[in-house]
Amino acid sequence: QKTAYEIPKRDWSSDVCSSDLLALAAMAIFPVLIGFAVYFSAKLRVAYRDARSRLSAVNAFLAENIMGMRVVQLFVREERQMHRFHRVNEAYTEAQIGSVRVFAFFQPSITWASGIAMAAVVAWGGVRAHEGAMPVGVLVAFFAYVLTAFQPIREIADKWNLFLSGMASAERIFSILDWETEDSGAKALEPVRRDSLPRIRGEIVFENVWFAYVDEQWVLRDFCCRIEPGSRVGVVGHTGAGKSTLISLLLRFYEPTKGRILLDGRDLREYDRRELRARIGMIQQDVFIFSGSLRDNVALFREGAGSIELPAGLAEKELFERGVNLSMGERQRLAFHRARAATPDLWILDEATANVDSRTEQEISSLLRQDAPGRTQILVAHRLATIRDADRILVLHHGQLVESGRHDELLRGGGLYAK
């Protein structure tokens, strides 16, 4: 017999079953939500990658035109370059708007999914509560649960957007970090001790050397040649004949596609790149100059720079960025003294006198004869005065050695050199 204070027993199994079905109705939208996330993530990744690429183009355009401002002003191309900048900038703007547009569809899709989930809870739970199969309190609790569950999902979507944007930037960084370096590890940072390096006599042998930058578009074709130690050899040929490529192979900036190069009887690939270059004095046509004193530029900030002999009054001259306060002749003199400071065993001049007057050219040639007696010299040049006194002149044409001999011999031969 029941008393007035006795709580009647209740069967909760139906409530539990209804709660499970209610949870299932609320969670049914999640697979669709995951599909939206995957789809829009792929779209956002492409959009952000495109935006970063366009931003890089804007920065490159600005840097290029700031460095070349003198040329732009000299040829009165300011308006034209400004129009080009507007096109590049508009391309970046469109790419950035495209990424915002994609995210503008992604964010509402989460709100739409949460609305569908809440509608399913209200529809299913309302019917069950109306039939008395579910307490109204359970329905209210589930409604609050759904609202609470989708709030962090919206926040995750915002963070995911930032993550994808960061990944687009990181891809560009990783693409640089993935480049293969010549030397890696601590060894690449160690200074090269010149006193421990074996001296190079300067005998160079090219054995059937083939080289191509791309596929089989050969720049050098079956190049064979022997350079005697201590000789002075000139290399001439039309633009694109393979002269600078020959020098790059000697310095091991590239490796021969076929054949091999011997230096003092050893395959060039057996030499350590850094030790090899430390024994070669290179004078280029385009001299890169760092900001700082002239002495620092000659010594390249190595120890013992105080012992380098420089013209009076120039040693501590302050140089601006890229040496804009130096003439072309002064730049070439700096390049010569820079190579001279390394006390090289092998000298290479790659169009080193192309931009100087005859007097400066004679001065550099005189200093070279004075500082490099008995050392092999390779002179790449178009100007006749630079190579006419060479012990031997190599004539290249389309990557092949077509003539070889002294200046007067080649003239008498009436071949390509004479022409």
Side-chain angles (χ1 to χ4, degrees), residues 63-64 66-71 74 182 192 194 232 234-236 239 243-254 273-274 276-372 375-383 385-387:
E64 181 181 58
I66 290 173
M67 293 299 298
M69 184 56 64
R70 180 173 296 182
V71 177
L74 178 64
E182 290 185 339
V192 177
R194 296 187 49 78
R232 196 163 185 261
V235 182
V236 299
T239 301
K243 304 184 298 297
S244 296
T245 300
L246 208 63
I247 302 305
S248 296
L249 293 178
L250 275 176
L251 293 167
R252 289 200 65 193
F253 288 119
Y254 299 98
R273 287 186 177 91
R274 300 172 68 241
L276 173 68
R277 294 166 189 166
R279 283 298 186 186
I280 298 177
M282 179 74 176
I283 306 179
Q284 297 172 290
Q285 178 179 358
D286 297 322
V287 185
F288 190 91
I289 298 176
F290 299 92
S291 57
S293 69
L294 189 143
R295 184 182 297 276
D296 287 339
N297 266 276
V298 169
L300 290 179
F301 312 98
R302 68 166 61 90
E303 296 179 2
S307 61
I308 298 176
E309 298 181 4
L310 294 172
L314 291 179
E316 302 305 324
K317 180 178 180 178
E318 195 68 19
L319 303 183
F320 300 152
E321 184 180 2
R322 296 184 180 270
V324 295
N325 55 333
L326 291 181
S327 67
M328 294 303 299
E330 289 172 330
R331 289 166 180 257
Q332 293 305 131
R333 291 192 190 96
L334 186 152
F336 173 79
H337 287 292
R338 179 183 287 176
R340 181 188 185 191
T343 59
D345 298 330
L346 174 65
W347 285 80
I348 299 177
L349 281 72
D350 188 3
E351 299 286 0
T353 59
N355 296 326
V356 298
D357 54 63
S358 299
R359 181 179 178 181
T360 304
E361 181 180 14
Q362 293 175 0
E363 178 185 344
I364 292 176
S365 299
S366 176
L367 289 172
L368 186 61
R369 292 189 186 93
Q370 176 184 340
D371 283 68
R375 293 183 173 88
T376 302
Q377 302 173 32
I378 300 177
L379 315 173
V380 177
H382 281 113
R383 295 174 65 167
T386 306
I387 47 90

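Residue numbers run from 1 in the order of the sequence given. Treat the numbers as computed from the prediction; the structure is a model and nothing was measured. We use all heavy atoms of the structure for the numbers below, so side chains are in, but hydrogens, waters and symmetry mates are not.
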| query | What do the steps show when you test Leu319 against Asn325 for side-chain contact (heavy atoms from CB on, under 4.5 Å), and what is the final call? | reply | CA-CA 7 Å; Leu319 303 183; Asn325 55 333; 4.2 Å; yes

| request: Could you tell me whether the side chain of Arg279 and the main chain of Leu346 form a donor-acceptor pair under 3.5 Å? | output: no

| said: I'd like to know if the side chain of Arg375 and the backbone of Pro344 have a donor-acceptor N/O pair within less than 3.5 Å. | reply: yes

| message | Quick one: does any side-chain atom of Arg277 pair with a main-chain N or O of Arg252 as donor and acceptor, under 3.5 Å? | response | yes

| query | Roughly how far, to the nearest 0.5 Å, is the OG1 atom of Thr245 from the CG atom of Leu250? | reply | 11.5 Å

| request: Look up atom CZ in Arg338 and atom CD in Gln332, then write down how far apart they are to the nearest 0.5 Å. | output: 10.5 Å

| query | With a 4.5 Å limit on heavy-atom distance, are the side chains of Phe336 and Leu349 in contact? | reply | no

| task | Output yes when a side-chain donor or acceptor of Asp296 lies under 3.5 Å from a complementary backbone atom of Phe290, and no otherwise. | result | no

| said: What's the separation between atom CG in Asn297 and atom CD1 in Ile289, rounded to the nearest 0.5 Å? | reply: 6.0 Å

| query | Which distance, rounded to the nearest 0.5 Å, do you find between the CG of Leu334 and the CZ of Phe288? | reply | 12.5 Å

| Please walk me through it: do Leu294 and Glu330 pass side-chain contact (heavy atoms from CB on, under 4.5 Å)? | CA-CA 11 Å; Leu294 189 143; Glu330 289 172 330; over 6 Å; no

| Out of curiosity, Glu351 CD to Ile283 CD1, how far, rounded to the nearest 0.5 Å? | 13.0 Å

| field | Euclidean distance, Arg232 CZ relative to Ile378 CD1, rounded to 0.5 Å | value | 12.0 Å

| request: Run the numbers on Ile247 and Met282 for side-chain contact (heavy atoms from CB on, under 4.5 Å), then give the verdict. | output: CA-CA 10 Å; Ile247 302 305; Met282 179 74 176; 3.6 Å; yes

